[in-house]
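Heads up: the structure comes next, in structure tokens.
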Amino acid sequence: MGSTSIGYQSGISARFDDRNLNLRSDATFSSLPCKVDFSRKSFFSPTTSTHNKVCSNRARVCSLPNTDEKLETPILDSIETPSQLKNLTVKELKVLADEIRTELLSVLWKTRRSVKPSLAAIELTLALHYVFRAPVDKILWDAVEQTYAHKVLTRRWSSIPSRQNNGVSSVTSRLESEYDSFGTGHGCNSISAGLGLAVARDIKGKRDRVVAVIDSVTITAGQAYEAMSNAGYLDSNMIVILNDNRHSLHPNMADGSKASISALSSFMSKIQSSQIFRKFRELAKAMTKKIGKGMYEWAAKVDEYARGMVGPTGSTLFEELGLYYIGPVDGHNIEDLVCVLREVASLDSMGPVLVHVITEERRDAETANIVVKDRRTYSDCFAEALVKEAEKDRDIVVVHAGIEMDPSLVTFQERFPDRFFNVGMAEQHAVTFSAGLSSGGLKPFCIIPSAFLQRAYDQVVHDVDRQRKAVRFVITSAGLVGSDGPVQCGAFDIAFMSCLPNMIAMAPANEDELVNMVATAANVTDRPVCFRFPRGAIVNKNYLVPIGLPIEIGRGRVLLEGQDVALLGYGAMVQNCLNAHSLLSKLGLNVTVADARFCKPLDIKLVRDLCQNHKFLITVEEGCVGGFGSHVAQFIALDGQLDGKIKWRPIVLPDGYIEEASPNEQLALAGLTGHHIAATALSLLGRTREALLLMS
């Protein structure tokens, strides 16, 4: 049987032959034909790639990440800009992928984070930078965890190991590099932002390409589908890469049917992305429109049915939203990735396209997941306390939302699988779902990290607070979050939750108070309640969780009696107030320390007593302006306390975003350490020199 070649404008050719054609390992992609083999054997056998052959070597590298030995990366060291990738051969690109993988493991293990998402996205990152001309072409990343290979190629790697002290940000940032077309946040924003860039390009008459990369976790958020629907309507040229790393919220789904990669799927992806096929499809659509509406609709149904039969389950959903679906494509096969992406990029008028890329995190050693937990945290205590409450009360259920679930919640999930609901990145749904559970007579604990609760505020207001639904909001990662910087910093929840008319807002000073607040929340049945706690370790390392005792709503407590100065702390900052007390005691000062417990309703009796028995009142909170201190100020102003002898000073987070640093460094930058609190007290007492010495 002979062979036929069809030339494309991009210089890539499709060859139809009855035999397998091998690629030269030293060929560059500028001379590389995009081949499609029609032999029956290749259609139904799994594809293989050099990636599979080096997996065993990678596993050996992955198993020993914590080495100080300098690993050789000659090709990576020679790359100054991503455009230099275009000069590499196929073999060199594959070697470069392994060098980047080795480099990621040798450095990121120190951060005690999972590096699997970035390891799985290396070949995709190389293909994107090979085909497109960043920064002229815009590449947007949706998930922070997938961007490290991108940062390696854009020469920011030397500052990443610390990720602190004015080093490279853990997220993509336009202020940091021209290669970051848009900043990453909490995920699911890449398609919306990419569509905005595409429309702006069209209005300005430019011709750059826009590529939005989103993964199988962040695409579960509603904004992604809103963006795809709008993209289909506007029909602007843009490319959406669905990096399907096969994550699932439900283990039984993860083990079920998935989009598989075979020579047949690879062949169909190349056909779908080819200019010949696309132009033929557009011509057929135009002809059926001229024939008549009935013929056009019939042809559209046939097209959808045929593509649905070839594509994986659910692929027609993207077509219904208006995106042309291509895939699935092997995300570890550089040849296939480049072939498909070059064909898609070569079309001047294509509308929105979605390329479905399959990546496997488990291709790299399991030890690449190097999250280490060597201490008991507030989350651990909360989970144990909630289990104890759930054992007593069968109406208690848990709804969790966010990018990933805290490992401590596994205890509850395993103990009560029918009463645990993990909805992923669907915070809005989580809140209203919890309101529905409450309406049905259950007691939902809605667990959402502070920064992610911001995404569901409208539902908190109208579906919960306005209707007085007894939803118990558990706000995790409250306050400063160290190396996660401003993206996951919980700075605003005190302000935006305590301003709601029906909300009870409280925060524990330590693990004992946390356990009691879990019991308190379980007992509240006539209104919503929220409590926040930080990400860090608990005060008592050997703490054993007792049975919680409900706290009287709106009742604070005095921890240490003193005079002249009263330190009124909220939440975890009570511990820093106690540290300040110790520092001041060494200087001969005896100050009062009080634990507010509640921001709303405020313990007005406690606040009034502090004002009447002291000269100075200092409120301390790990939150923004407008939070706990503002509630205290509102009360003491209306109560006439500010008309007397009392002087009030608030200590809050600064009006800005605190970048990545260690937790202690962030507290110092924010002015929230025990030394800062003590220095504030000394300054109020006129002992300025001692305050300066304390800070030095």
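Figure legend: Lys138 and Phe182 shown without cation-pi pairing, the cationic atom not lying both under 6.0 angstrom from the six-membered ring centre and within 45 degrees of its axis.
A heavy-atom distance below 4.5 Å is found between the side chains of Gln413 and Met405. Between Met228 and Ile191, some side-chain heavy-atom pair lies under the 4.5 Å cut-off. At least one side-chain heavy atom of Asn230 sits under 4.5 Å from a side-chain heavy atom of Leu234. In this structure the side chain of Tyr225 reaches within 4.5 angstrom of the side chain of Leu317, judged on heavy atoms. Side-chain contact check for Leu337 versus Val329: some heavy-atom pair is nearer than 4.5 Å. In this structure, Val355 and Val240 have side chains that are not in contact, with every pair of non-hydrogen atoms separated by 4.5 Å or more. Annotation: side chain of Ile326 is in contact with side chain of Val344 (closest heavy-atom distance under 4.5 Å). A 4.5 Å side-chain heavy-atom check between Leu119 and Leu105 finds at least one atom pair inside the cut-off.
Contact between Ser477 and Ser450 at its shortest, heavy atoms only, is O-CB, 3.9 Å. Counting all heavy atoms, side chain and backbone alike, Ala224 lies closest to Ile214 at CB-CD1, 3.9 Å. Between Ala231 and Pro352, the closest heavy-atom pair is O-CG, 3.6 Å. Considering all non-hydrogen atoms of both residues, Val338 and Ala127 come closest at CG2-CB, 4.1 Å. Shown here for Gly194 and Met238, the closest heavy-atom pair between the two residues is C-CE, 3.9 Å. Between Glu80 and Asp77, the shortest heavy-atom distance links the atoms OE2-O, 4.3 Å.
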Quiz item: Do Leu128 and Trp141 pass the side chain to side chain contact (heavy atoms under 4.5 Å, CB included) test, and can you show the C-alpha distance, the side-chain angles, and the key distance before you say yes or no?
Solution: CA-CA 11 Å; Leu128 286 171; Trp141 299 88; 4.0 Å; yes
Exercise. Take Thr154 and Glu178 through the side chain to side chain contact (heavy atoms under 4.5 Å, CB included) test and state the conclusion after the steps.
Key: CA-CA 9 Å; Thr154 52; Glu178 62 180 345; over 6 Å; no
Self-check item: Working for salt bridge (charged side-chain N to carboxylate O under 4.0 Å, His left out), residues Glu99 and Lys94
Solution: CA-CA 9 Å; Glu99 290 183 2; Lys94 294 176 181 178; over 6 Å; no
Quiz item: Does the pair Asp215 and Leu242 meet the rule for a side chain to side chain contact (heavy atoms under 4.5 Å, CB included), with working shown?
Solution: CA-CA 6 Å; Asp215 70 11; Leu242 171 55; 5.9 Å; no
Self-check item: Stepwise side chain to side chain contact (heavy atoms under 4.5 Å, CB included) check, Leu140 with Val213
Solution: CA-CA 6 Å; Leu140 294 81; Val213 184; over 6 Å; no
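Using a distance-only test at 3.5 Å, with no hydrogens or angles considered, a donor-acceptor pair links the side chain of Arg201 to the main chain of Asp208. Between the Gln666 side chain and the Gly482 main chain, a donor and an acceptor come within less than 3.5 Å of each other. For Gln454 (side chain) and Ala451 (main-chain N/O), a donor-acceptor pair under 3.5 Å exists by modelled atom type. Of the possible polar contacts, one joining the Asn237 side chain to the Gly351 backbone as a donor-acceptor pair under 3.5 Å is found. The main-chain N or O of Tyr325 is found under 3.5 Å from a side-chain atom of Glu319 such that the two form a donor-acceptor pair. Side-chain N or O atoms of Ser229 include none that pairs as donor or acceptor with a backbone N or O of Glu226 at under 3.5 Å. Checked by atom type and distance alone, the side chain of Thr89 pairs as donor or acceptor with a backbone atom of Glu92 at under 3.5 Å.
Note that the CG atom of Leu76 and the CG atom of Asp98 stand 12.0 Å from one another [nearest 0.5 Å]. Atom-to-atom distance recorded for Ser216:OG and His356:NE2 is 8.0 Å, nearest 0.5 angstrom. Rounded to the nearest 0.5 angstrom, Leu341 CG and Ile241 CD1 are separated by 5.0 Å. Distance check: Ile334 CD1 to Leu124 CG gives 10.5 Å after rounding to the nearest 0.5 Å. In this structure, CZ on Phe132 lies 10.5 Å from CZ on Arg342, to the nearest 0.5 angstrom. To the nearest 0.5 angstrom, Asp142 atom CG is 8.5 Å from Ile219 atom CD1.
Between the side chains of Asn245 and Glu360, no donor N or O sits under 3.5 Å from an acceptor N or O. Donor-acceptor pairing under 3.5 Å is lacking for the side chains of Arg455 and Gln223. No hydrogens or angles considered: nothing links the side chains of Ser192 and Asn189 as a donor-acceptor pair under 3.5 Å. Between the side chains of Glu665 and Ser662, at least one donor-acceptor pair of N or O atoms lies under 3.5 Å. A donor atom on one side chain and an acceptor atom on the other are found under 3.5 Å apart for Asp406 and Ser408.
Exactly one residue among Thr476, Leu480, Asp484, Thr377 makes a side chain to side chain contact (heavy atoms under 4.5 Å, CB included) with Arg535. That residue is Asp484. In summary, of the residues considered (Thr73, Ile122, Leu126), a side chain to side chain contact (heavy atoms under 4.5 Å, CB included) with Leu96 occurs for Leu126 alone.
Between Tyr179 and His129, the ring planes are perpendicular. Angles over 60° get that label, and only those under 30° would be called parallel.
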